[in-house]
Amino acid sequence: MTRFTRYVLAELLKTFTLTVVALTLLLLVLGVVKEAHSQGLGPAETARLLPYLLPEMLRYTLPATMLFAVSSVYGRMSNANEVVAIKALGIHPMVLLWPAAVLAFLLSLATVWLNDVAVTWGQNGVQRVIIEAVEEVAYGMLRTQRSFTSRTFTVNVKAVEGRRLILPTFTFQARGNTPAMTVMAAEAELRSVPGGKLLIACRDVTVEAEGR
């Protein structure tokens, strides 16, 4: 490896490393944290999500950062006439180009691996964290928005006192032979059970079934 090759490789790695760290952190902070907050996830659940979402972020930031690093380094070298100076010394320009080609090839392999990790490990991990935190997610949204919607039901409350839902109204969607129904109660409590489900304990219940 010639001195020029080491110089180009060092510049590429320096620019690439700084940019990929900054861009990935930016996506995690502005994207993931904001989305987690809007869904009612607390700081603990958000922190647990970050490792599983990191591969998803990296598979987008790595190619973009490599393109930026190559454009930045070679653009600066061209502007400083470094390529012309090297050609004037009788050195082939490929000495400067092959570090970028090799680095891009290795990053393409890493990106393919990250695609697999993001789908198999990352998405499964995100789903597992959300399932385990479903009770806290529901309470978090009910405290802040007085409403929570899942795939099967919607609940609106007047207030939340500790774990008690005051004057909740549950609206359940129709499923199979079960009609849609509305359940009103004086108080209710949500409890997560294995399988990512919520157990609803109510007091003073009134049930209204659609079409009944």
Side-chain angles (χ1 to χ4, degrees), residues 9-73 97-145 147-155 172-176 178 190-200:
L9 183 60
E11 290 296 312
L12 285 172
L13 289 175
K14 180 174 65 176
T15 304
F16 172 81
T17 302
L18 292 175
T19 307
V20 75
V21 170
L23 184 58
T24 303
L25 288 177
L26 181 65
L27 289 177
L28 286 174
V29 172
L30 296 183
V32 178
V33 175
K34 181 179 178 180
E35 180 65 20
H37 178 72
S38 67
Q39 294 298 326
L41 291 176
E45 289 77 17
T46 302
R48 291 177 59 194
L49 282 177
L50 292 179
Y52 298 110
L53 292 171
L54 184 59
E56 182 76 19
M57 299 295 104
L58 286 176
R59 68 173 178 168
Y60 294 110
T61 58
L62 287 183
T65 304
M66 184 62 196
L67 178 61
F68 174 80
V70 170
S71 301
S72 175
V73 171
L97 296 178
W98 79 259
V102 172
L103 185 59
F105 174 74
L106 295 176
L107 285 176
S108 67
L109 297 180
T111 304
V112 172
W113 176 72
L114 284 171
N115 284 331
D116 181 66
V117 172
V119 173
T120 58
W121 180 75
Q123 292 183 2
N124 290 337
V126 170
Q127 292 176 0
R128 184 169 63 253
V129 171
I130 292 176
I131 287 175
E132 292 174 354
V134 62
E135 181 182 339
E136 295 304 322
V137 170
Y139 272 107
M141 296 192 69
L142 289 171
R143 289 190 181 97
T144 58
Q145 303 177 19
S147 176
F148 172 73
T149 301
S150 71
R151 291 179 298 178
T152 57
F153 74 94
T154 299
V155 55
F172 295 90
Q173 301 175 7
R175 299 184 64 185
T178 304
L190 304 178
R191 302 170 187 168
S192 59
V193 296
K197 299 179 180 180
L198 280 177
L199 175 65
I200 304 173

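Numbers for residues simply follow the sequence, beginning at 1. Scope of the values below: all heavy atoms of this structure, side chains included, with no hydrogens, waters or symmetry mates.
In this structure, L25 CG and L54 CG are separated by 9.0 Å, a value rounded to the nearest 0.5 Å. Atom CG of residue D116 and atom OG1 of residue T111 lie 13.0 Å apart, to the nearest 0.5 angstrom. The distance from the CG atom of L26 to the CE atom of M57 is 11.0 Å, given to the nearest 0.5 Å. Between L12 atom CG and T17 atom OG1 the span is 10.0 Å, to the nearest 0.5 Å. Here L67 contributes atom CG and T19 contributes atom OG1; the two are 11.0 Å apart, rounded to the nearest 0.5 Å.
Under the 4.5 Å side-chain criterion, counting only non-hydrogen atoms from C-beta, V102 is not in contact with L9. Taking 4.5 Å as the limit, some side-chain heavy atom of L190 sits within range of a side-chain heavy atom of I200. Residues F16 and L62 have side chains in contact (heavy-atom distance under 4.5 Å, counting atoms from C-beta outward).
Take L97 and apply the side chain to side chain contact (heavy atoms under 4.5 Å, CB included) test, not counting sequence neighbours, and it matches Y74, M94. With sequence neighbours left out, the side-chain hydrogen bond (donor to acceptor under 3.5 Å, both in side chains) criterion links T120 to no other residue.
Atom CZ of F68 is surrounded by 12 or fewer heavy atoms from other residues, nucleotides or ligands within 6.0 Å. Within a 6.0 Å radius of CH2 in W121, more than 12 heavy atoms belonging to other residues, nucleotides or ligands are found.
Note on residues 47-72: pairs passing side chain to side chain donor-acceptor pair (under 3.5 Å), not counting sequence neighbours, are T24-T61, R48-E132, Y52-R128, E56-R59, R59-N115.
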